[in-house]
Amino acid sequence: MEWNLTITGNTPLNPSHFLLELQVPSSFPPPRPGQFVHIRIGEPPCFLLRRPFSIFSFQSKKRRIEVFYRIVGRGTKALSQKKKEEKINLLGPLGTPFNWDTGTVPLLVGGGRGIAPLHFLYQEMKKTGIEPYVLFGFKNAEDTVFRERFSPEKFLLSTEDGSAGEKGKVTDVLKKHIPYFQGKINKIFSCGAKEMLQEIHLIAKKEKFACEVSFEQFMGCGIGICQGCVVKTKQGYKRICREGPVFNADEIAWE
Amino acid sequence: MEWNLTITGNTPLNPSHFLLELQVPSSFPPPRPGQFVHIRIGEPPCFLLRRPFSIFSFQSKKRRIEVFYRIVGRGTKALSQKKKEEKINLLGPLGTPFNWDTGTVPLLVGGGRGIAPLHFLYQEMKKTGIEPYVLFGFKNAEDTVFRERFSPEKFLLSTEDGSAGEKGKVTDVLKKHIPYFQGKINKIFSCGAKEMLQEIHLIAKKEKFACEVSFEQFMGCGIGICQGCVVKTKQGYKRICREGPVFNADEIAWE
Amino acid sequence: MGINLSVNFLGKKLTTPVILASGVSGYSDELIPFLDPNSVGAITTKTITLQPREGNPPPRIIEVPGGIINSIGLANMGVAAFIKEKLASLLKLPMKKIVSIGGAKEEEFPLLARMLSEFRGIDFLELNLSCPNLKKQKLFAQEPETCLKIIKNTKRVSPFPLIAKLSPQVTDIKEVALACEEGGADALNLINSLPVLCYYAAGKKLRGGLSGPPLKPLSLRLIEETRKVTSLPLIGTGGIYAGKDIIDYFLAGANCVSLGSVLLLEPSAPARIAKELKEILASSGYDSLSCFSSSTGL
Amino acid sequence: MGINLSVNFLGKKLTTPVILASGVSGYSDELIPFLDPNSVGAITTKTITLQPREGNPPPRIIEVPGGIINSIGLANMGVAAFIKEKLASLLKLPMKKIVSIGGAKEEEFPLLARMLSEFRGIDFLELNLSCPNLKKQKLFAQEPETCLKIIKNTKRVSPFPLIAKLSPQVTDIKEVALACEEGGADALNLINSLPVLCYYAAGKKLRGGLSGPPLKPLSLRLIEETRKVTSLPLIGTGGIYAGKDIIDYFLAGANCVSLGSVLLLEPSAPARIAKELKEILASSGYDSLSCFSSSTGL
Ligand SMILES: Cc1cc2nc3c(=O)[nH]c(=O)nc-3n(C[C@H](O)[C@H](O)[C@H](O)COP(=O)(O)OP(=O)(O)OC[C@H]3O[C@@H](n4cnc5c(N)ncnc54)[C@H](O)[C@@H]3O)c2cc1C
Ligand SMILES: Cc1cc2nc3c(=O)[nH]c(=O)nc-3n(C[C@H](O)[C@H](O)[C@H](O)COP(=O)(O)OP(=O)(O)OC[C@H]3O[C@@H](n4cnc5c(N)ncnc54)[C@H](O)[C@@H]3O)c2cc1C
Ligand SMILES: Cc1cc2nc3c(=O)[nH]c(=O)nc-3n(C[C@H](O)[C@H](O)[C@H](O)COP(=O)(O)O)c2cc1C
Ligand SMILES: Cc1cc2nc3c(=O)[nH]c(=O)nc-3n(C[C@H](O)[C@H](O)[C@H](O)COP(=O)(O)O)c2cc1C
Ligand code: FES
Ligand code: FES
């Protein structure tokens, strides 16, 4: 589960968002959408904890995984400075993936960098013949990366400042389009800030859609040992790195 | 006195010794042999103190300074990984240089990386028409870098394992050759481990040679503020970064 | 390499001086896939309490410059569930087993010891007197008298040797160490994480324990001081990331060491560290750790 | 930017909340070429003692992973030479001046204060009760009663407001803070470096004080605790490397801050840090530090 991988690409998409591409060996377990990798950024005392990132895509033939990340602090900054050919150490794939079956008619709702696991989910669903509806929300037009990867007729875009797609918070845009989705979809998959996930769960409950959400939380070990990464569920705290990051939204004890 | 310089070269001479070359602006004060630069290796929390290095050479026309360093720990390791074109921040030139005049007939005695300031001293003395005798001691043949830069007829080499030059400690080799130097030289300039400097001072005293020695010590500020870098002299502790690194050996309160 | 890393600790042989610290090995099961069992002398469980504890609300762990702050809050399943669900498989492990216990009140330590007393596969009990993540005003380890009492009462009912785990946040560690010795502690573990505070986002506070590299010089100093007043075996804990760190702990007077934060970064660290330790001994011409017997008084 | 960084400290106006800490500004002369005077609210001298002190044998300062250890040993020219050679040029500086004094014995503090009392250009005296590099068994700052006495006796003869500089190595900072307040301290400075030990080469020991990044979360916690029991102005010291660190200190309850180790790495840091502070205020829509008055009780 611990790997030293070669960086095959680390490309800026805009000043704050990067796409990291890594070569994985054939022994690397095929990851499932929703799973994450726990990346070692550097050596102590510079970096003391790994940083968790969702898997953004897996190309099984080329044996590549991709990570889509945003620079928010010291660790992601250092990650963005790594060069092709350098090695990177990670643990993974980790965590519990999203769930769907042939009866699922999905809507994927993502905010900001929260689109990462949903992108992978989209790719894998399409492989099983399911074409999800997608609604992604960003701050502004500059952040709206990867829109060309989704079928335009099932893709909705929103930005907070209205510089691309519809103007507004992604949850408001979702509410507006609920009449359109009613009767079409039966499950929402979502990833983003906790407040957003909670609102989406409320909508899903009202509409009787099933709903799975993927959480972020500060992590220590990433492998279930330290109890560092919990979310409150109706059965008490659960570990995001192990029982999550994907949870059935009904399980969550929202505040 | 604080500079952001461009690295124009950082070349391994063997696995543990490197030559760093930096472009300096025309406002950079022409350094004198014995002076040093205080290099910022990286950002907190990775690196919290600068690292001091003697100036190995100064090319006034090309406006380049060179630093010759050995990897001994975390800081020098990180320094060795810096690439051409990267920027490096340093304070300098710092400290008090070697002293000589037209009447000086010098012997330069250096051990290991202690040859750095002596190399610069050699170059500058030659510019003033003085051709110093040189005796350099190393661990083994692999470490004997730069020998071709010194006039062979005035250059003596020793290694501890005898794999190049004469076998033995540099101080023993010096003792052996004292009859040769008697009546020829009148001042010894030396840099290396403290024990070596002390032995050299004893020899110089016996032979009535003047003697200047350059010390190393762990440093904080490098600019005289913290009292971190002292050596015991007959007038009490003095700061190596300010009153030194070069001292008249007679001043030192050797243990 | 014919180098023997084993050490004697309270009459038992540890394959290496490397103990896995409490709180970074879970109940052992999740860490096992990453471990080379030969590199580990003993494993310490997460601190177990009488009642199950939910732990603190998230976030619970964060990296700050130079250190890690955790505020787990002793989240654990409680002693009953631990005995039922985890103990059997723990006891099957080849290394020595240390069960860490923590009482919300003084009286709970002997109760816990008694509940565990029939499981003779346990090698040692560690009394966590120093968790920085509880709501109490003072830590037990900040009150020598309380330490003495807790240890004395636990000793009475414990068939296992007792290790007292101490806090760095004290005016005089020697007083605490001597009180523990007087109470009947068989060994001391220095140190638990240091109580600190950080802001992790606009005005959001996290109170917790600092661990990682800066704990090493602090722990070394406390061990040196403690070694002057007691000949009890000492476990050195704090900021160990490499084999050479362990040498420093031995020089300061520790008899073995435990690994904390490094396991979060590198769950397979014990094997690397044991290897480094062997290389250091080999390059110094030693074939065992007995070269340190003078400093440790063994 | 029309942003005003000035703060009121004991009735005087500091241009910025940034004080240069004792021991990293020398007697000010050597640092001055690197300083933008507008970025500095006050400068603290190296701790001055009654007799000149040679200081400890080298090495005296070393970087360890995540921190800096220094063992200067209060090397200084003594109060007489300080008054004769350094004070006049110090008093010409535009920022406020804090003279740090340290006694080998309790009685020396009032003596020092008396010797300095005629130089009214001095703004504050700081009593270094917490130097980790002396041979004493205990620091003054580890004994509340001693702190009280020293401050009381110094207060009697000092025309200057007194700042008491405290140590992190105490069981309960509140006790110490309250004793200082009772003794008549006008302000507290938290914290001095933390007593530690390292080995810098095969078996070679350095005992000294840890400073740098890890001191920040420790100091923040001690300031938060202290703030709960006193309304004295607090200087927050430890691990400040950037403007945002200062915000954290204000949130915890500090009224101004001091820069230590950062000056060793970057003698021109105050200007950068003041600029960062302004940018943070500007981006939050504030034009002065008064937004923190609630947390600091100003
Ligand atoms: C399961 C999971 C999947 C994630 N997937 C992605 C992704 O695909 N792309 C992406 O850009 N980001 C993702 N994140 C968030 C990412 O882990 C953080 O942005 C990153 O850890 C920040 O590190 P830093 O050093 O730059 O930030 P700093 O703020 O400097 O970090 C300080 C500390 O806080 C922690 N931290 C800060 N913010 C977060 C956060 N939001 N989540 C977890 N830890 C945090 C860091 O790990 C570190 O310990 C994911 C997080 C989780 C838990
Ligand atoms: C005036 C002066 C001139 C020097 N010139 C040269 C030179 O030309 N070439 C060269 O290779 N080296 C030179 N040195 C030594 C060089 O500074 C050290 O090798 C370097 O600081 C080691 O850093 P590190 O992080 O790799 O070692 P580490 O051992 O990891 O460093 C830990 C700490 O110890 C300090 N330290 C360790 N060894 C020394 C040392 N010998 N001197 C000073 N500080 C030390 C470091 O600065 C740091 O604070 C000089 C030292 C001085 C004082
Ligand atoms: C995430 C985490 C959880 C911890 N939980 C416990 C615990 O339950 N009981 C305990 O005695 N110590 C606990 N500790 C403290 C460690 O056992 C150790 O004493 C401390 O981290 C210092 O060592 P280090 O610097 O190697 O991490 C915990 C530490 C961490 C980082
Ligand atoms: C080299 C050095 C010398 C110091 N000398 C003194 C001193 O003389 N008096 C004093 O009160 N504090 C002294 N200190 C402590 C600092 O003033 C400060 O309290 C401590 O370093 C913590 O702050 P920092 O983390 O910003 O360095 C010294 C610190 C260093 C690094
Ligand atoms: S990060 Fe350690 S349990 Fe999840
Ligand atoms: S290194 Fe600070 S005085 Fe020399």
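Treat the numbers as computed from the prediction; the structure is a model and nothing was measured. Naming convention: chains lettered A, B, ... in sequence-line order (proteins, then strands); numbering from 1 in each chain.
The salt bridge (charged side-chain N to carboxylate O under 4.0 Å, His left out) check on D/K152 picks up nothing, with sequence neighbours excluded.
By the 6.0 Å contact criterion, OH on D/Y200 is enclosed, its count of non-hydrogen atoms from other residues, nucleotides or ligands being greater than 12.
If you measure heavy-atom distances from D/L218 to chain C, the contacts under 4.5 Å come from both the backbone and the side chain. Both the backbone and the side chain of C/Q169 have a heavy atom closer than 4.5 Å to some heavy atom of chain D. In this structure, chain C has a heavy atom under 4.5 Å from the side chain of D/K174, while its backbone stays farther away. Interface residue D/I69: only side-chain heavy atoms are found under 4.5 Å from chain C.
C/P214 has its side chain within reach of D/L210: a pair of non-hydrogen atoms, C-beta onward, lies under 4.5 Å apart. Proximity of D/K138 to C/D172: side-chain heavy atoms (C-beta onward) are separated by under 4.5 Å at one or more points.
In this structure, NZ in D/K244 is found 14.5 Å from OH in C/Y199, a value given to the nearest 0.5 Å. For the atom pair OG1 of C/T171 and CD of D/Q142, the computed distance is 6.0 Å after rounding to the nearest 0.5 Å. Taken from NZ in C/K216 to SG in D/C198, the straight-line distance is 8.0 Å, to the nearest 0.5 Å. Taken from CD in C/E225 to CG in D/L197, the straight-line distance is 9.5 Å, to the nearest 0.5 Å.
Considering only heavy-atom pairs separated by less than 4.5 Å from chain C, the leading option among D/G66, D/A141, D/P213, D/P217 is D/P217. Contact count against chain C (heavy-atom pairs under 4.5 Å) is highest for D/L194 among D/I223, D/V64, D/L194. Per-residue heavy-atom pair counts under 4.5 Å with chain C were compared for D/G67, D/P65, D/G203, D/P195, and the maximum is reached by D/P195.
The stretch residues 267-274 of chain C places none of its residues near chain D, where near means some heavy atom under 4.5 Å from a heavy atom of that chain.
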